[in-house]
2 protein chains.
Amino acid sequence: MQTPKDLHKAGLKITLPRLKVLNLFENGDNRHLSAEEVYKQLLASGEDVSLATVYRVLTQFELSGILVRHHFEGDKSVFELNHGEHHDHIVCMQCGHIEEFFDSAIESRQKKIAAEHGFAIHDHSLYIYGDCTREKCPNRRSE
Amino acid sequence: MQTPKDLHKAGLKITLPRLKVLNLFENGDNRHLSAEEVYKQLLASGEDVSLATVYRVLTQFELSGILVRHHFEGDKSVFELNHGEHHDHIVCMQCGHIEEFFDSAIESRQKKIAAEHGFAIHDHSLYIYGDCTREKCPNRRSE
DNA sequence: TTATAAATGAGAATGTTTATCATTTACTCC
DNA sequence: GGAGTAAATGATAAACATTCTCATTTATAA
Ligand SMILES: [Mn+2]
Ligand SMILES: [Mn+2]
Ligand SMILES: [Zn+2]
Ligand SMILES: [Zn+2]
């Protein structure tokens with residue numbers, strides 16, 4: 001567990017809950033985590049942080065640029081470390097597996113479209129939903 | 001108020017609440033409506049339909065292909081008539097104004113990307129967020 | 001080390017959506 | 001057209017994710 005420099009730079013105190021959450025994203029198994037998942041994984045590893053604090057910390061990390069928030073289909077927000085390079089996502093509707101991609105053709109078309117419609121672009125979100133064909137995929141359709 | 005044929009085709013009974021909701025989408029001012037907006041607009045025009053029924057009807061219409069559901073940034077679902085041709089959206093973060101677009105270059109890139117990652121594509125969602133430059137655009141989003 | 005502002009935990013509250021169930025309504029058959 | 005039946009509705013409770021409140025704890029700076 002390290003890297004309090006991000007927290008300092010964001011003007012946030014170095015607290016135990018914040019370090020635990022950060023550690024989960026830096027050293028955990030999943031890049032993409034919901035608040036509930038963060039909360040449960042911390043509980044499971046003996047660290048107890050209140051759910052309210054998990055939500056607060058995730059929002060603060062998003063605001064300070066440490067995390068990025070995504071709105072996959074459905075209700076809950078999902079977060080991942082902000083490594084500085086934008087990317088979009090393909091989500092498996094059977095097993096939830098997520099693949100990341102970046103396509104400069106799509107990105108530049110988006111800029112052009114926004115300009116054509118007289119919009120100053122802030123942000124965008126692109127999610128592709130489908131069925132992955134991995135062996136591991138539990139509900140994999142036998143084609 | 002007309003067009004019960006869609007309802008028949010979907011195997012749904014022709015009920016007053018369903019006709020009222022359908023009418024709102026067909027003859028109302030906004031193409032894109034949340035459940036709450038549908039409910040309030042019906043109330044405002046004297047028609048009273050319970051909120052539970054609004055949610056039920058919207059979901060049924062989505063399932064039967066009469067409406068399409070969108071997940072714009074934020075919490076609530078937004079619906080619009082399914083006119084058969086897919087399109088994506090640019091949303092103004094100041095005033096909520098929505099522009100629609102279709103870009104075949106983006107569409108084909110998405111197919112290629114899904115294929116490259118071994119995904120059988122079901123669906124996708126693309127939202128561009130920005131500031132529109134219309135005269136009418138106020139500096140606060142009208143919720 | 002102490003003072004102080006910030007952060008936390010517990011639980012209440014909020015906003016959106018779904019579930020329950022008694023009552024009403026639309027469609028079918030006579 | 002009128003009764004029978006299954007489906008739809010309304011009122012409200014419940015579920016769910018998320019935010020708020022406030023008393024207590026903690027991190028930081030003097
Ligand atoms: Mn990602
Ligand atoms: Mn649209
Ligand atoms: Zn899968
Ligand atoms: Zn605008």
Side-chain angles (χ1 to χ4, degrees), chain A residues 1-24 32-43 46-64 66-67 69-79 96, chain B residues 1-24 32-43 46-64 66-67 69-79 141-143:
Chain A
M1 207 188 288
Q2 76 276 53
T3 321
K5 57 186 171 184
D6 291 330
L7 297 181
H8 268 138
K9 196 158 43 181
L12 297 171
K13 286 186 180 176
I14 315 296
T15 65
L16 246 17
R18 285 176 180 150
L19 288 175
K20 290 174 185 171
V21 170
L22 203 47
N23 179 59
L24 197 57
H32 308 90
L33 295 171
S34 69
E36 192 70 30
E37 287 167 344
V38 168
Y39 176 66
K40 283 184 179 159
Q41 290 198 26
L42 289 179
L43 276 193
E47 323 277 7
D48 65 338
V49 176
S50 94
L51 183 57
T53 298
V54 169
Y55 274 102
R56 270 187 299 239
V57 168
L58 291 176
T59 300
Q60 292 160 344
F61 283 6
E62 182 198 8
L63 253 43
S64 62
I66 296 170
L67 295 180
R69 181 194 299 259
H70 300 294
H71 299 278
F72 295 95
E73 194 122 334
D75 26 22
K76 58 187 78 166
S77 290
V78 172
F79 299 82
Chain B
M1 206 186 288
Q2 75 278 52
T3 322
K5 57 186 172 185
D6 291 330
L7 297 181
H8 267 139
K9 197 158 45 184
L12 297 171
K13 285 187 181 175
I14 316 295
T15 66
L16 247 18
R18 284 176 181 151
L19 288 176
K20 291 173 185 172
V21 171
L22 203 47
N23 178 59
L24 197 57
H32 307 89
L33 295 171
S34 68
E36 193 70 29
E37 287 166 343
V38 169
Y39 177 65
K40 284 182 179 160
Q41 291 199 25
L42 289 179
L43 276 193
E47 323 277 8
D48 65 336
V49 175
S50 92
L51 184 57
T53 298
V54 169
Y55 274 102
R56 270 186 298 238
V57 168
L58 290 176
T59 301
Q60 291 161 345
F61 283 6
E62 182 198 9
L63 252 44
S64 61
I66 296 171
L67 295 179
R69 181 194 298 259
H70 300 294
H71 299 278
F72 296 95
E73 195 121 336
D75 23 24
K76 59 188 78 165
S77 290
V78 171
F79 299 82
R141 70 181 321 194
S142 52
E143 183 204 1

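Note on naming: letters A, B, ... go to the chains in the order of the sequence lines (proteins, then strands), and numbering restarts at 1 for each one. On a predicted model such as this, the values are computed, not experimentally measured, just so you know. Worth knowing before you read on, the calculation uses all heavy atoms, side chains too, and leaves out hydrogens, waters and symmetry mates.
Evaluation of the side chain to side chain donor-acceptor pair (under 3.5 Å) rule for A:Ser50 yields A:Thr53 as partners, not counting sequence neighbours. In this structure, the salt bridge (charged side-chain N to carboxylate O under 4.0 Å, His left out) partners of A:Glu62, at least two apart in sequence or on a different chain, are A:Arg69. Shown here are the ring-ring contact (aromatic ring centres under 6.0 Å, His included) partners of A:His71, two or more places apart in sequence or in another chain: there are none.
Side-chain contact between B:Leu7 and B:Thr15 is absent, with no heavy-atom pair separated by less than 4.5 Å.
Atom CD of B:Gln41 sits about 9.0 Å away from atom OG of B:Ser34, to the nearest 0.5 Å. Between atom CG of residue A:Leu12 and atom CZ of residue A:Phe61 there is a gap of 6.5 Å, rounded to the nearest 0.5 Å. The line from OG1 of B:Thr59 to CG of B:Leu67 is 9.5 Å long, rounded to the nearest 0.5 Å.
Taking atom CG of A:Leu51 as the reference point, atom P of C:dT8 lies 13 Å away to the nearest angstrom. Atom C1' of nucleotide C:dT16 and atom CZ of B:Arg69 are separated by 11 Å, given to the nearest angstrom. The CZ-C1' distance, from B:Phe61 to C:dT17, rounds to 18 Å in whole Å. With rounding to whole Å, A:Gln60 atom CD is found 10 Å from C:dA6 atom C1'. Atom P of nucleotide C:dT16 and atom CZ of B:Phe72 are separated by 16 Å, given to the nearest angstrom. B:Lys76 places its NZ atom 4 Å from the P atom of C:dT16, with the value rounded to the nearest Å.
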inquiry  = So if I define the base as every atom that isn't primed, P, OP1 or OP2, how would nucleotides 24-30 of chain C read as a B/S/- string at a heavy-atom cutoff under 4.0 Å?
reply    = --BS---
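Scanning DNA chain D 5' to 3' for nucleotides with an atom closer than 4.0 angstrom to a non-hydrogen atom of chain A gives a first and last hit of D:dA17 to D:dT28.
Nearest-nucleotide assignment on DNA chain C puts the 5′-proximal partner with A:Arg18, out of B:Thr59 and A:Arg18.
Listed pair A:Thr53 / C:dG9 meets the phosphate criterion, a side-chain N or O lying under 4.0 Å from OP1 or OP2. B:Tyr55 has no side-chain polar atom (N or O) that falls below the 4.0 Å cut-off from OP1 or OP2 of C:dT18.
Of all the heavy atoms in A:His32 and A:Val78, the pair that sits closest is CB-CG1, 3.6 Å. When all heavy atoms of A:Lys13 and A:Arg18 are compared, the closest pair comes out as O-NH1, 3.1 Å. Nearest heavy-atom pair, B:Ile66 versus B:Ala10, reported as atom, atom and distance to 0.1 Å: CD1-CB, 4.5 Å.
Nucleic acid contact for B:Arg56: base, since at least one base atom lies under 4.0 Å from a heavy atom of the residue. A:Ser77 comes within 4.0 angstrom of the backbone, heavy atoms only, and of no base.
Among the candidates B:Asp48, B:Leu51, B:Asn23, B:Val49, the single residue satisfying the side-chain contact (heavy atoms from CB on, under 4.5 Å) test with B:Leu42 is B:Val49.
Rounded to 10 degrees, the angle separating the terminal axes of the helix from C:dT1-D:dA30 to C:dC30-D:dG1 is 30°, with each axis obtained from five end pairs.
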